[in-house]
Amino acid sequence: MAGQEQKFFDGFMLLLGVWIGAVAGIVIFGNFVGDGAAMNEGEEETSPLSLIDERIRPIGQVALIGDPDVGALAAVTLQTETVRAPLTGPQVYNEICQLCHAAPGVGGAPVLGDTTAWAPRLEQSAELMQDHVINGYTGEAGYMPPKGGRLDLSDEEILDALDYMLEAAQ
Ligand code: HEC
């Protein structure tokens with residue numbers, strides 16, 4: 001009887017030992033894995049995973065309206081649209097008017113600096129000329145579209161371009 005109890009006790013202690021060993025093993029292994037993870041976090045910049053991330057990052061990112069990040073972006077876009085710097089006369093001429101008014105002149109448009117072509121036009125009133133440029137007209141030579149086709153530009157910008165062309169016509 002005493003021998004059997006001893007045997008049982010030995011067996012029980014052995015089992016306990018194995019169990020404690022297993023638990024200790026799990027705890028140590030867990031710490032090891034945890035350390036590994038912590039190390040990755042700390043070295044995010046240089047870890048191979050983040051390097052791969054960097055390489056396969058898409059060129060653009062989709063921004064959805066309503067996204068808080070997009071608010072700032074939209075504000076910037078709106079600002080550039082509403083507060084764009086007005087174009088100067090020469091800028092407007094180079095961007096639009098020269099399409100027809102540069103030599104040799106398209107569709108009968110008087111060429112910039114061609115004093116002969118401009119002389120009879122300079123005899124008209126300034127108001128009529130301004131009206132022709134802003135609202136467009138069809139003359140004897142051809143069709144001049146309103147604002148040269150750029151209705152998004154302000155009257156001032158178009159009139160600055162007119163001034164630039166008239167200076168060259170003198
Ligand atoms: C699509 C071609 C085209 C563009 C772009 C264009 N013009 Fe003209 N423009 C003409 C033509 C054609 C005439 C001549 C019409 C006529 O008198 O028969 C003309 C005439 C004029 C005249 C003479 C008006 C008059 O009363 O005699 C002025 C000034 C003028 N354009 C200014 C401009 C300015 C400023 C721009 C740019 C904002 C511009 N044009 C862009 C085609 C164009």
Side-chain angles (χ1 to χ4, degrees), residues 30 32-170:
F32 175 74
V33 170
D35 277 359
M39 209 168 73
N40 272 350
E41 255 171 54
E43 298 176 357
E44 212 170 15
E45 255 61 51
T46 51
S47 92
L49 269 184
S50 67
L51 284 180
I52 292 171
D53 249 17
E54 186 71 36
R55 279 190 216 121
I56 62 172
R57 182 170 295 159
I59 303 164
Q61 281 182 337
V62 175
L64 296 177
I65 306 288
D67 205 316
D69 288 349
V70 176
L73 198 75
V76 171
T77 316
L78 280 180
Q79 216 187 15
T80 52
E81 271 173 11
T82 50
V83 196
R84 81 177 163 78
L87 299 176
T88 64
Q91 279 174 335
V92 172
Y93 173 80
N94 286 322
E95 207 171 290
I96 311 154
C97 319
Q98 59 93 14
L99 294 174
C100 296
H101 286 275
V106 174
V111 173
L112 181 81
D114 180 348
T115 44
T116 327
W118 282 95
R121 299 181 184 273
L122 292 174
E123 283 166 14
Q124 320 172 84
S125 72
E127 287 75 28
L128 183 65
M129 192 108 89
Q130 290 172 356
D131 178 66
H132 280 168
V133 171
I134 289 176
N135 299 315
Y137 78 111
T138 302
E140 283 171 23
Y143 170 63
M144 160 78 200
K147 293 188 173 181
R150 281 291 297 273
L151 298 177
D152 57 309
L153 294 184
S154 70
D155 289 2
E156 286 69 34
E157 286 171 310
I158 297 297
L159 293 180
D160 283 350
L162 172 60
D163 284 347
Y164 172 72
M165 287 173 77
L166 292 183
E167 267 171 41
Q170 308 274 333

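For ligands, and for the atoms within them, numbers begin at 1 and follow the listed sequence.
Scanning the protein for heavy atoms near atom 27 (O) of ligand 1, the closest one is Arg121 NH1, 2.8 Å. Closest to atom 29 (C) of ligand 1 among all protein heavy atoms lies Leu162 CD1, 3.2 Å. At the shortest separation from atom 22 (C) of ligand 1 among protein heavy atoms lies Trp118 CH2, 3.9 Å. Distance from atom 16 (C) of ligand 1 to its nearest protein heavy atom, with residue and atom name: Tyr137 OH, 3.2 Å.
The two residues Trp118 and Gly113 come nearest to each other via the heavy atoms NE1-N, 4.3 Å. Between Gly89 and Tyr164, the closest heavy-atom pair is C-CB, 4.3 Å. In plain terms, the two heavy atoms of Pro86 and Glu157 that are nearest each other are CA-OE2, 3.2 Å. Across every non-hydrogen atom of Ala109 and Cys100, the tightest pair is CB-O, 3.5 Å. Of all the heavy atoms in Leu153 and Arg84, the pair that sits closest is CD2-NH2, 3.6 Å.
Summarising the geometry, atom CD1 belonging to Ile158 is positioned 11.0 Å from atom CG belonging to Asn135; distances are rounded to the nearest 0.5 Å. With rounding to the nearest 0.5 angstrom, the CD atom of Glu156 is 12.5 Å from the CG atom of Leu87. The CZ atom of Arg121 lies 11.0 Å from the CG atom of Leu128; values are rounded to the nearest 0.5 Å. Remark: Asp163 CG to Met165 CE distance equals 11.0 Å, nearest 0.5 Å. Rounding to the nearest 0.5 Å gives a distance of 11.5 Å between CD1 of Ile56 and CG of Leu51.
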Worksheet item: How far apart are the C-alpha atoms of Arg150 and Glu95, what are their side-chain angles, what is the distance that settles it, and do they pass the salt bridge (charged side-chain N to carboxylate O under 4.0 Å, His left out) test?
Response: CA-CA 10 Å; Arg150 281 291 297 273; Glu95 207 171 290; 3.0 Å; yes
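Per-residue contacts place Ala141 under 4.0 angstrom from the following atoms of ligand 1 (heavy atoms of the residue considered): 16 (C), 18 (O). For ligand 1, the atoms closer than 4.0 angstrom to any heavy atom of Met165 are 32 (C), 33 (C), 34 (C), 35 (C). Near Gln124, meaning under 4.0 Å from any of its heavy atoms, are these atoms of ligand 1: 25 (C), 26 (O), 27 (O). Listed by number with element, the atoms of ligand 1 under 4.0 Å from a non-hydrogen atom of Gly107 are 12 (C). When each atom of ligand 1 is checked for a heavy atom of Met129 under 4.0 Å away, the hits are 24 (C), 25 (C), 26 (O), 27 (O), 29 (C). Those atoms of ligand 1 that come under 4.0 Å of a heavy atom in His132, given as number and element, are 25 (C), 26 (O). Every atom of ligand 1 is numbered from 1 in the order shown, and the set under 4.0 Å from a heavy atom of Ile158 is 38 (C).
Taking the side chain as every heavy atom from C-beta outward, Met144 and His132 never approach each other to under 4.5 Å. Residues Leu162 and Gln130 are in side-chain contact: their nearest non-hydrogen atoms beyond the backbone lie under 4.5 Å apart. Inter-residue side-chain proximity for Ile134 and Lys147 is flagged as met; some heavy-atom pair is nearer than 4.5 Å.
The closest approach between Tyr164 and ligand 1 stays at or above 4.0 Å for every heavy atom of the residue. Put simply, no part of Tyr93 is less than 4.0 Å from ligand 1, judged by heavy atoms.
Taking only non-hydrogen atoms, the option from Pro120, Gly142, Ala161 nearest to atom 18 (O) of ligand 1 is Gly142.
For atom 8 (Fe) of ligand 1, protein N, O or S atoms closer than 2.8 Å were enumerated as His101 NE2, Met144 SD, with waters left out.
Contacts between Tyr143 and ligand 1, counted as non-hydrogen atom pairs separated by less than 4.0 Å, involve the backbone only. With a 4.0 Å heavy-atom cut-off, ligand 1 is reached by the backbone of Glu140 but not by any atom from C-beta on.
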